[in-house]
Amino acid sequence: MKLTVLGSGTSIPHARRSSPANWLDTAGGTLLLDMGSAALHRMAEEGCEWWNLDAVWVSHFHLDHFGGVAPFLFGTRYAPQTQGRTKPLTIYGPRGTRKLLTRFDEAGDYKLFKQPFPVEVLEVSPRAEFELFEGLSAETFSTPHTSESLAVRLTEANGTSLVYTSDTGFTDALAGFARAANLFLMECSFFRSKPIARHLELEEAMRLARQSQARRVMLTHLYPEWDGVDIEAEARRLWDGETIEARDGLRIEI
Ligand SMILES: [Zn+2]
Ligand SMILES: [Zn+2]
């Protein structure tokens, strides 16, 4: 798997960190992990083949994670690159994803589902196990963030695994869900003294890193409070494994 960080930030406008989105190349297809409002242009900027995107994972309905979906469908409806496309695009999300997209679509009569290619919306529950596409299996976990928010564990046929928390508060159970993952892509909204319980701060993220015995950790969803802090050095004080600071445009092989 190859991961390209499109957005390492949050809902707050920031010059170097756009809203959450991660492009994943796998042997069986391409997947976008969350689709913040900046995602459609960030895909183009990073040279990702957005017109061939196979699937979108929507972790929850906060607009920094979901706000790019309708604009993307508005774009693919008219883009020259997608007029000859026949393979489907699948949007995976929590229960309620279809209703939310349909209401938005109807509110503006956008015809977002009248595309040159089929668009499917598949809603998944916590603790679901399914094939995202051929050769990529997925498991979900309900996170303490919103009532619908989900973490996902992706495993390729060769056993390589990526766990993406998206937004979450602290729970020990998340470490079990992420056990021995090749990459644990974790939110770490705040450095310390977090103002919101339903996010993580560094000490909690590193506790989860240690408990999970993940091979590598990447910290993302970084609020502007992190500006000027050496995240990787601060992480090393708390955990001796490899921690990577997510930055827009960063690419890593998993
Ligand atoms: Zn968020
Ligand atoms: Zn959120």
Side-chain angles (χ1 to χ4, degrees), residues 3-24 31-43 56-72 91-97 99-101 103-104 123-126 140-154 162-171 173-174 177-178 183-202 204-205 208 217-227 229 231 244-250:
L3 178 80
T4 303
V5 177
L6 301 177
S8 59
T10 64
S11 56
I12 313 291
H14 192 282
R16 285 172 292 105
R17 298 193 188 280
S18 67
S19 49
N22 300 278
W23 180 273
L24 195 65
L31 171 68
L32 200 62
L33 293 169
D34 277 331
M35 200 171 202
S37 51
L40 57 167
H41 302 294
R42 289 287 300 127
M43 288 190 284
V56 178
W57 168 256
V58 173
S59 65
H60 66 300
F61 303 144
H62 282 161
L63 284 170
D64 49 330
H65 300 258
F66 183 62
V69 177
F72 180 61
I91 299 166
Y92 293 93
R95 270 170 287 185
T97 303
K99 185 170 98 179
L100 200 51
L101 275 173
R103 288 208 172 154
F104 187 86
E123 300 187 346
V124 294
S125 317
T140 60
F141 175 90
S142 169
T143 58
H145 180 68
T146 60
S147 61
E148 82 282 2
S149 58
L150 295 174
V152 67
R153 183 178 183 117
L154 303 170
L162 162 68
V163 172
Y164 174 51
T165 63
S166 189
D167 291 0
T168 186
F170 183 81
T171 167
L174 199 47
F177 181 69
L183 184 71
F184 191 4
L185 176 56
M186 197 178 345
E187 81 122 283
C188 191
S189 292
F190 301 105
F191 183 13
R192 54 168 81 101
S193 311
K194 62 179 185 182
I196 305 166
R198 287 166 175 266
H199 281 299
L200 294 177
E201 62 184 38
L202 187 63
E204 295 169 320
L208 290 171
V217 164
M218 186 185 284
L219 300 179
T220 193
H221 202 269
L222 302 165
Y223 272 96
E225 279 88 336
W226 280 108
D227 290 0
V229 178
I231 297 178
I244 303 162
E245 173 193 344
R247 292 169 191 262
D248 290 19
L250 181 67

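Remember, it's a predicted structure, so these values are computed and weren't measured experimentally. One-based numbering, in listed order, for ligands and for the atoms of each.
- Residues passing the ring pair (Phe, Tyr, Trp, His ring centres under 6.0 Å) test with Y223, sequence neighbours excluded: F190, H199, H221.
- For the pair D34 (side chain) and S59 (backbone), a donor-acceptor distance under 3.5 Å is present.
- More than 12 heavy atoms of other shown residues, nucleotides or ligands fall within 6.0 angstrom of atom NE2 in H14.
- Excluding waters, the count of protein N/O/S atoms less than 2.8 Å from the Zn ion (ligand 1) comes to 4.
- When each of H145, H65, E187 is paired with S166, the side-chain contact (heavy atoms from CB on, under 4.5 Å) condition holds for H65 and for no other.
- W57 is linked by a side chain to side chain donor-acceptor pair (under 3.5 Å) to nothing, counting only residues two or more places apart in sequence or in another chain.
- Residues forming a side chain to side chain donor-acceptor pair (under 3.5 Å) with S8 (at least two apart in sequence, or on another chain): R17, D248.
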